[in-house]
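Report on the following structure.
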Amino acid sequence: MKRKHLIWQGMTLLLGTMLFGTAFARELSEQERTVVCRLNEVVNEAGRDGYELIFWPVVRKGPPRISAPLTVKLDPSVEYLFVGYCDENCSDVQLRIANLSGEELGAEEDTLSVLTFEPPYTDDYELSLRMADCTTEDGCVYGLGILAPKGAAVPYASRLPRELAQFEVCDS
């Protein structure tokens, strides 16, 4: 009798989770889609050059001249490739890597910023993306990707699936 009660609760929880998750799924805006697909293109191009995505890509929206920092633990045995991109409403993207004391260790600024970095030691670093200007009042959409050489042992990397669902919007 108790098992039936637990099975019913489990089924209710599973169904509720499926409906709850579906309720929060939303379609990407045109700007988000542009950034996601451009990141996908860069990841594919870098793949031909021997790099692969090692952390989940970040896609967000923000006002101009705001710094969007991301703290990541990096290993000195790996040469990282950072990629930053902003939608068509943005003029330039500045990528900056610094230690947590604020000392800048590398920077790049362009419409599509690509920055290579080999950390001097294992530690947490702050990767920041800053948009020079944004022509829309509600902000611009930007994306950030972190790659490393294929097959490199990257101790603190995310466990990513072979195909990212985030990039599936670009196939159509």
Side-chain angles (χ1 to χ4, degrees), residues 26-76 78-150 152 154 156-158 160 163-172:
R26 66 172 180 80
E27 200 167 315
L28 295 177
S29 70
E30 191 58 40
Q31 290 81 13
E32 289 169 325
R33 184 182 169 100
T34 297
V35 171
V36 166
C37 292
R38 184 62 179 130
L39 283 177
N40 184 38
E41 289 172 12
V42 171
V43 167
N44 288 336
E45 288 171 19
R48 289 188 286 277
D49 292 335
Y51 284 86
E52 64 185 345
L53 195 63
I54 58 163
F55 290 103
W56 289 99
V58 175
V59 176
R60 294 197 178 123
K61 188 174 193 171
R65 293 178 296 284
I66 191 167
S67 180
L70 176 66
T71 302
V72 291
K73 188 170 205 92
L74 302 177
D75 187 89
V78 179
E79 179 185 58
Y80 296 88
L81 183 68
F82 305 120
V83 179
Y85 181 72
C86 185
D87 68 27
E88 64 278 351
N89 299 312
C90 178
S91 59
D92 274 331
V93 172
Q94 180 189 38
L95 276 179
R96 179 180 175 265
I97 186 78
N99 59 27
L100 294 185
S101 299
E103 178 187 359
E104 185 175 290
L105 303 170
E108 172 68 28
E109 185 171 343
D110 204 345
T111 304
L112 171 67
S113 292
V114 178
L115 174 65
T116 57
F117 179 66
E118 209 167 320
Y121 43 84
T122 298
D123 203 356
D124 287 333
Y125 293 86
E126 187 175 83
L127 177 64
S128 64
L129 179 145
R130 182 177 175 188
M131 297 173 284
D133 195 23
C134 183
T135 59
T136 59
E137 285 184 30
D138 62 337
C140 291
V141 177
Y142 59 88
L144 183 63
I146 303 174
L147 299 92
K150 286 182 182 177
V154 184
Y156 309 103
S158 301
L160 299 176
E163 298 294 325
L164 291 181
Q166 189 174 14
F167 290 151
E168 287 180 7
V169 299
C170 303
D171 295 336
S172 54

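All values reported here derive from a predicted model rather than from experimental measurement. Sequence positions, counted from 1, serve as the residue numbers for this chain.
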Go through Arg96 and Glu104 one step at a time and tell me if the side chain to side chain contact (heavy atoms under 4.5 Å, CB included) criterion holds. CA-CA 7 Å; Arg96 179 180 175 265; Glu104 185 175 290; 3.1 Å; yes

Check the pair Leu127 / Tyr80 against side chain to side chain contact (heavy atoms under 4.5 Å, CB included), numbers first and verdict last. CA-CA 11 Å; Leu127 177 64; Tyr80 296 88; over 6 Å; no

Test Leu100 against Tyr125 for side chain to side chain contact (heavy atoms under 4.5 Å, CB included), laying out the working first. CA-CA 6 Å; Leu100 294 185; Tyr125 293 86; over 6 Å; no

For Cys86 and Cys140, what are the C-alpha separation, side-chain angles and deciding distance, and is it a disulfide (SG to SG under 2.5 Å)? CA-CA 7 Å; Cys86 185; Cys140 291; 4.5 Å; no

Leu144 vs Val83, side chain to side chain contact (heavy atoms under 4.5 Å, CB included): CA-CA, chis, key distance, verdict: CA-CA 6 Å; Leu144 183 63; Val83 179; over 6 Å; no

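For the pair Met131/Leu129, a side-chain contact is recorded, criterion being any heavy-atom separation below 4.5 Å from C-beta on. The shortest side-chain heavy-atom distance between Arg33 and Glu27 does not fall under the 4.5 Å cut-off.
In this structure, Thr135 contributes its side chain and Asn89 its backbone to a donor-acceptor pair below 3.5 Å. No donor-acceptor pair under 3.5 Å is formed between the side chain of Tyr51 and the backbone N or O of Asn44. A donor-acceptor pair under 3.5 Å links the side-chain atoms of Ser113 to the main chain of Val93, judged by distance alone.
With salt bridges taken as basic N to acidic carboxylate O contacts below 4.0 Å, one links Lys61 and Asp138.
Remark: Val72 engages Leu70, Leu74, Ile146 in a side chain to side chain contact (heavy atoms under 4.5 Å, CB included) (not counting sequence neighbours). Every salt bridge (Lys or Arg N to Asp or Glu O under 4.0 Å) that Glu41 has, sequence neighbours left out, goes to Arg38.
A centroid separation of 6.0 Å or more is found between the aromatic rings of Phe55 and Tyr156.
Heavy atoms only, all atoms of each residue included: Gly143 and Val35 are closest at N-CG1, 3.4 Å. In terms of heavy-atom proximity, Leu95 sits nearest to Gly84 at CD1-N, 3.4 Å. Shortest non-hydrogen contact noted between Ser91 and Thr111 is O-OG1, 3.7 Å. Closest heavy-atom contact between Tyr142 and Gly62: CE2-N, 3.9 Å. The two atoms that bring Pro149 and Glu79 nearest to each other are CD-O, 3.2 Å, heavy atoms only. Pairing each heavy atom of Asp92 with each of Glu109, the nearest pair is CB-OE2, 3.6 Å.
Taken from CG in Leu115 to CZ in Phe82, the straight-line distance is 6.5 Å, to the nearest 0.5 Å. Here Leu105 contributes atom CG and Glu118 contributes atom CD; the two are 12.5 Å apart, rounded to the nearest 0.5 Å.
Taken together, the cysteine pair Cys90 and Cys134 keeps its SG atoms at least 2.5 Å away from each other.
Partner of Val141 under the side-chain contact (heavy atoms from CB on, under 4.5 Å) criterion, out of Asp87, Thr34, Val36: Asp87 alone.
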